[in-house]
A.B. asks: 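Take this structure, written in structure tokens, and hold onto it; I'll ask about it next.
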There are 4 protein chains.
Amino acid sequence: MTKQAPVDKRRIILDAAVRVFARDGFHKCRVSDIADEAGVAYGLVYHYFKSKDQVLDTLFLERWEVLLEAIRHTDALEVPAEEKLHAIAGFIIDSYRHDPDLMKVIIVEVTRAANSFGAVHIRKIDEAYALIRGVVEKAQQRGEFRSEIPAQFAVMSFYGAIEQVLTGWIFGLLDEGEDAYDSAKAHIVQTICGGLAA
Amino acid sequence: MTKQAPVDKRRIILDAAVRVFARDGFHKCRVSDIADEAGVAYGLVYHYFKSKDQVLDTLFLERWEVLLEAIRHTDALEVPAEEKLHAIAGFIIDSYRHDPDLMKVIIVEVTRAANSFGAVHIRKIDEAYALIRGVVEKAQQRGEFRSEIPAQFAVMSFYGAIEQVLTGWIFGLLDEGEDAYDSAKAHIVQTICGGLAA
Amino acid sequence: MTKQAPVDKRRIILDAAVRVFARDGFHKCRVSDIADEAGVAYGLVYHYFKSKDQVLDTLFLERWEVLLEAIRHTDALEVPAEEKLHAIAGFIIDSYRHDPDLMKVIIVEVTRAANSFGAVHIRKIDEAYALIRGVVEKAQQRGEFRSEIPAQFAVMSFYGAIEQVLTGWIFGLLDEGEDAYDSAKAHIVQTICGGLAA
Amino acid sequence: MTKQAPVDKRRIILDAAVRVFARDGFHKCRVSDIADEAGVAYGLVYHYFKSKDQVLDTLFLERWEVLLEAIRHTDALEVPAEEKLHAIAGFIIDSYRHDPDLMKVIIVEVTRAANSFGAVHIRKIDEAYALIRGVVEKAQQRGEFRSEIPAQFAVMSFYGAIEQVLTGWIFGLLDEGEDAYDSAKAHIVQTICGGLAA
DNA sequence: GATGAATGAGGATTCATTCAT
DNA sequence: GATGAATGAATCCTCATTCAT
């Protein structure tokens with residue numbers, strides 16, 4: 001007789017929330033939908049989280065921390081800047097490939113609605129920008145990237161391009177599929193680094 | 001006897017709604033807040049609009065139609081593609097410069113939350129993408145732009161970069177100011193067309 | 001055809017609230033009970049009052065202001081202090097006779113639970129004490145009342161006696177009836193002014 | 001090996017409940033607040049008590065029984081009625097002096113809100129009135145007290161005066177302090193027995 | 001006895017929308 | 001057109017109580 005893996009209801013609730021938020025949207029869904037989806041009692045959501053907002057916060061912060069770590073790790077590598085950007089875009093796109101619901105929630109409900117939430121989220125998001133800016137600035141110092149374009153704008157273009165592609169997938173405006181994911185990584189980086197001009 | 005300037009209360013309500021949506025967010029504000037801001041009676045909002053949603057819809061569609069027209073007009077010009085993209089980015093950025101509240105509402109409440117609303121918005125948004133895609137594709141056919149990058153991705157990068165810069169301003173993560181607006185136009189186009197690489 | 005007296009729904013709600021609070025208690029009753037009793041829609045309660053608490057507040061303050069006015073008026077009369085106390089006790093007891101539900105609510109839910117509410121109530125209650133203290137102090141200065149007993153204690157005894165009698169009626173521990181009301185006024189004043197001792 | 005002082009968790013919970021009820025009020029506090037204050041697990045409160053109400057009941061009944069016993073004992077003494085009333089007032093005031101939180105809870109949450117609870121409390125409270133009435137009636141028969149004032153009213157005045165003074169202390173409307181306690185005893189009895197009149 | 005996770009009914013409050021005037 | 005009182009469904013959150021360990 002093997003010992004049963006202990007069930008972490010907190011985790012179950014978070015995972016259920018991802019599905020519900022992705023399906024119905026944060027504002028349209030009810031807390032009871034989350035509880036139902038998780039198969040737990042209504043009140044248990046409030047046992048683990050102070051509010052509906054906090055469920056979303058937790059989801060975002062958990063994942064965003066992983067993203068920040070990935071960017072930091074990438075930044076530390078001894079590779080060309082272009083390769084770093086490829087790795088970062090790749091990480092974000094793979095996050096979507098691996099768990100599209102979670103990324104949908106993060107982009108649609110948090111990243112693109114960050115003003116509704118406290119300044120905490122905006123600061124976290126800015127942390128990611130700052131890390132990527134570091135990558136660009138170092139590349140500019142090393143002469144890999146040209147310096148006419150302020151790093152801040154470069155970052156916005158890069159990150160904006162990625163998020164827009166994900167949004168295209170989320171809204172069904174862009175074809176999805178295994179091939180699409182990999183080519184998206186390449187094309188975004190090609191565009192941002194090489195430019196569209198012939 | 002001088003002719004009274006006709007007061008268009010419908011317009012007053014729409015303008016008030018922009019300020020309220022920008023300040024409090026579409027979900028957090030109440031219809032009464034709009035009426036208060038407009039200085040009209042509660043019920044009048046419902047005299048002119050079927051619902052709170054319709055107020056936002058109207059705001060979005062009014063402005064988006066202008067944007068589409070601007071893109072169409074630009075597309076028809078006989079100028080290099082890069083110049084066209086500069087005009088389009090310029091138009092969007094000038095829209096923000098001229099009425100930041102309205103653009104904030106359109107981006108934060110509509111463009112980036114389009115899934116909450118009916119498919120109407122998504123289709124309208126996609127119309128803009130399609131027009132810009134036309135610009136890119138023609139440039140590719142003419143050899144102005146290289147063809148390795150699918151036009152669809154190019155558009156996403158271009159539009160995403162613009163929206164991200166606006167978002168940066170909206171969230172206070174990017175320096176604003178008259179200079180910033182003009183240089184933003186240039187830098188976005190430089191990045192997307194010329195690339196970051198040295 | 002005579003014009004109908006306009007119905008003041010705010011008043012109707014307040015009056016209904018008195019009955020409901022008296023019957024079920026402030027904590028046990030639901031806002032919907034008040035609306036039902038008043039025969040109005042649920043939301044109307046919130047159209048006129050910010051919260052359930054505020055309904056009780058309004059009831060208390062309305063009536064308490066009348067009490068304060070009555071005490072002030074009595075105090076201004078040129079009559080012996082004992083007569084003044086009789087008038088004050090009489091006013092409070094007549095208030096109960098006239099609208100026992102309202103006085104029950106004020107005593108049970110406000111006066112005797114004033115710590116749950118904001119300091120506003122306590123201050124209002126203290127205002128009544130202060131006025132009565134004035135009556136006693138003047139009587140002491142004039143030699144009508146002896147000075148050994150601090151006015152503050154005298155007031156507490158006087159007011160406490162009245163409230164306790166009302167509480168006795170409310171809880172069914174003391175016989176009620178038209179006779180009882182008048183004799184109560186006399187007996188309370190006799191006790192406080194003349195003392196029990198033979 | 002020294003014998004451990006036995007820890008009576010039931011007692012610890014009751015004592016914690018007194019503090020919590022006094023601080024936050026019976027209705028506003030949560031059962032978990034009691035457990036926290038007591039430093040015990042949530043469920044333990046329910047191990048010892050059937051419900052939150054029962055905790056309050058226990059507190060009240062425990063103390064009230066002591067009060068009843070004190071009154072009974074006083075009543076049996078061969079001393080003048082005035083002295084008996086002084087002893088009773090003294091006992092209640094000393095109870096407050098010794099444990100103000102407990103008396104606050106009993107007065108604010110039970111004695112003055114007795115209608116919310118079952119008839120049990122009212123009957124217990126009435127028992128005290130009956131005992132004091134006995135004191136007064138005997139005094140009236142013996143000619144110590146005059147008979148015009150029905151004993152029942154005399155009791156209400158006496159007990160009401162005491163409770164009002166305690167309430168004054170509780171609500172901060174009356175000066176407290178060691179001196180105040182003793183003079184309060186004297187003044188209440190002087191007022192009730194001797195009257196205010198010169 | 002002791003723990004604290006789990007349950008779920010209950011109720012206040014909000015607010016979009018309607019409608020009589 | 002204009003007003004704002006009236007409606008009532010929707011839903012978050014609280015918290016007493018139970019129960020498995």
A.B. asks: Can you tell me how far C1' of dT3(F) sits from CD1 of Ile13(B), to the nearest Å?
C.D. replies: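 That distance rounds to 12 Å.
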A.B. asks: Under 4.0 Å: is that the gap between some side-chain N or O of His47(A) and OP1 or OP2 of dA6(E)?
C.D. replies: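 Negative; the distance criterion is not met.
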A.B. asks: Figure out the CD/P separation between Gln54(B) and dA16(E), and round it to whole Å.
C.D. replies: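 Answer to the nearest Å: 15 Å.
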A.B. asks: For Tyr48(D) and dA2(E), is the shortest distance between a side-chain N/O and OP1 or OP2 below 4.0 Å?
C.D. replies: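 Indeed, a polar side-chain atom of Tyr48(D) lies that close.
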A.B. asks: What's the closest nucleotide to the Arg30(D) side chain, out of dC15(F), dA6(F), dA16(E)?
C.D. replies: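 Nearest nucleotide to the side chain: dC15(F).
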A.B. asks: What nucleotide, of dA12(E), dA5(E), dT3(F), holds the atom closest to the side chain of Tyr42(D)?
C.D. replies: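 Of all the options, the side chain of Tyr42(D) is nearest to dA5(E).
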A.B. asks: For a quick test of reading the model: is some side-chain N or O of Tyr46(A) closer than 4.0 Å to OP1 or OP2 of dT14(F)?
C.D. replies: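 Checking Tyr46(A) against dT14(F): no side-chain N or O falls below 4.0 Å of OP1 or OP2.
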A.B. asks: To the nearest Å, give me how far apart NE2 (His27(D)) and C1' (dA16(F)) are.
C.D. replies: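 The answer, rounded to whole Å, is 13 Å.
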A.B. asks: Under a 4.0 Å threshold between the charged nitrogen and the carboxylate oxygen, would Glu62(D) count as salt-bridged to Arg11(D)?
C.D. replies: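 Yes, charged N to carboxylate O under 4.0 Å.
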A.B. asks: Have a look at Ser51(D) and say if it touches a base, only the backbone sugar-phosphate, or nothing, with a 4.0 Å heavy-atom cut-off.
C.D. replies: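 Counting heavy atoms under 4.0 Å across all strands, the contact made by Ser51(D) is with sugar-phosphate only.
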A.B. asks: Quickly work out the Asp24(B) CG to dC15(E) C1' distance and round it to whole Å.
C.D. replies: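 Value for this atom pair: 14 Å.
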A.B. asks: Test your reading of the model: is there a side-chain donor-acceptor pair from Lys104(B) to the backbone of Ala22(B), 3.5 Å cut-off?
C.D. replies: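 Yes; at least one donor-acceptor contact below 3.5 Å.
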A.B. asks: Distance check needed: dC15(F) P versus Phe26(D) CZ, whole Å only.
C.D. replies: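 To the nearest whole Å, that distance equals 13 Å.
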A.B. asks: Need one value for Phe49(C): base, sugar-phosphate or nothing, where a base atom within 4.0 Å counts as base even if backbone is also close, heavy atoms only.
C.D. replies: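 Contact class for Phe49(C): none.
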A.B. asks: With nearest nucleotide decided by heavy atoms, which residue, Cys29(A) or Gly43(C), maps closer to the 5′ end of DNA chain F?
C.D. replies: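 With Cys29(A) and Gly43(C) compared, the 5'-side residue is Gly43(C).
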A.B. asks: Roughly how many Å is it from NZ in Lys28(D) to P in dA16(F), rounded to a whole number?
C.D. replies: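 Distance check: Lys28(D) NZ to dA16(F) P gives 14 Å.
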A.B. asks: In terms of side-chain heavy atoms of Val31(A), which of dG4(F), dG8(F), dC12(F) is nearest?
C.D. replies: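 Closest nucleotide to the Val31(A) side chain: dC12(F).
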A.B. asks: For DNA chain F, whose closest nucleotide is more 5', that of Lys9(B) or that of Ser32(A)?
C.D. replies: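 Closer to the 5' end of DNA chain F: Lys9(B).
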A.B. asks: Looking at Arg30(A) and Asp33(A), does any basic side-chain N land under 4.0 Å from a carboxylate oxygen?
C.D. replies: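 The answer is yes: the pair qualifies as a salt bridge.
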A.B. asks: Please give the nucleotide sitting opposite dT18(F) as a Watson-Crick or G-U wobble pair, both distances under 3.5 Å, or none.
C.D. replies: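 Its partner is dA5(E).
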A.B. asks: Checking Glu37(C) side chain against Val20(C) main chain: does a donor-acceptor pair fall under 3.5 Å?
C.D. replies: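 No, because the side chain of Glu37(C) does not come within donor-acceptor range (under 3.5 Å) of the backbone of Val20(C).
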A.B. asks: Closest heavy-atom contact between Phe49(C) and Gln54(C)?
C.D. replies: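 Result for this residue pair: CA-OE1, 3.3 Å.
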A.B. asks: Whole angstroms only, please: what is the CG-P distance between Asp33(D) and dT14(F)?
C.D. replies: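 It works out to 13 Å between those atoms.
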A.B. asks: Using heavy atoms to find the nearest nucleotide of DNA chain E for Val45(A) and Lys52(C) separately, return the residue whose nucleotide is more 5′.
C.D. replies: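 Taking each residue's closest nucleotide, the earlier one in sequence belongs to Val45(A).
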A.B. asks: Tell me which nucleotide among dG8(F), dA2(F), dA5(E) gets nearest to the side chain of Leu44(B).
C.D. replies: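 It is dA2(F).
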A.B. asks: Looking at Cys29(C), is its backbone amide N or carbonyl O close enough to the side chain of Lys52(C) to form a donor-acceptor pair, meaning the two atoms are under 3.5 Å apart?
C.D. replies: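 Here the side-chain-to-backbone pair exists.
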A.B. asks: Could you state the atom-to-atom distance from CZ of Arg11(C) to P of dA5(F) in whole Å?
C.D. replies: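 Going from Arg11(C) (CZ) to dA5(F) (P), I get 17 Å.
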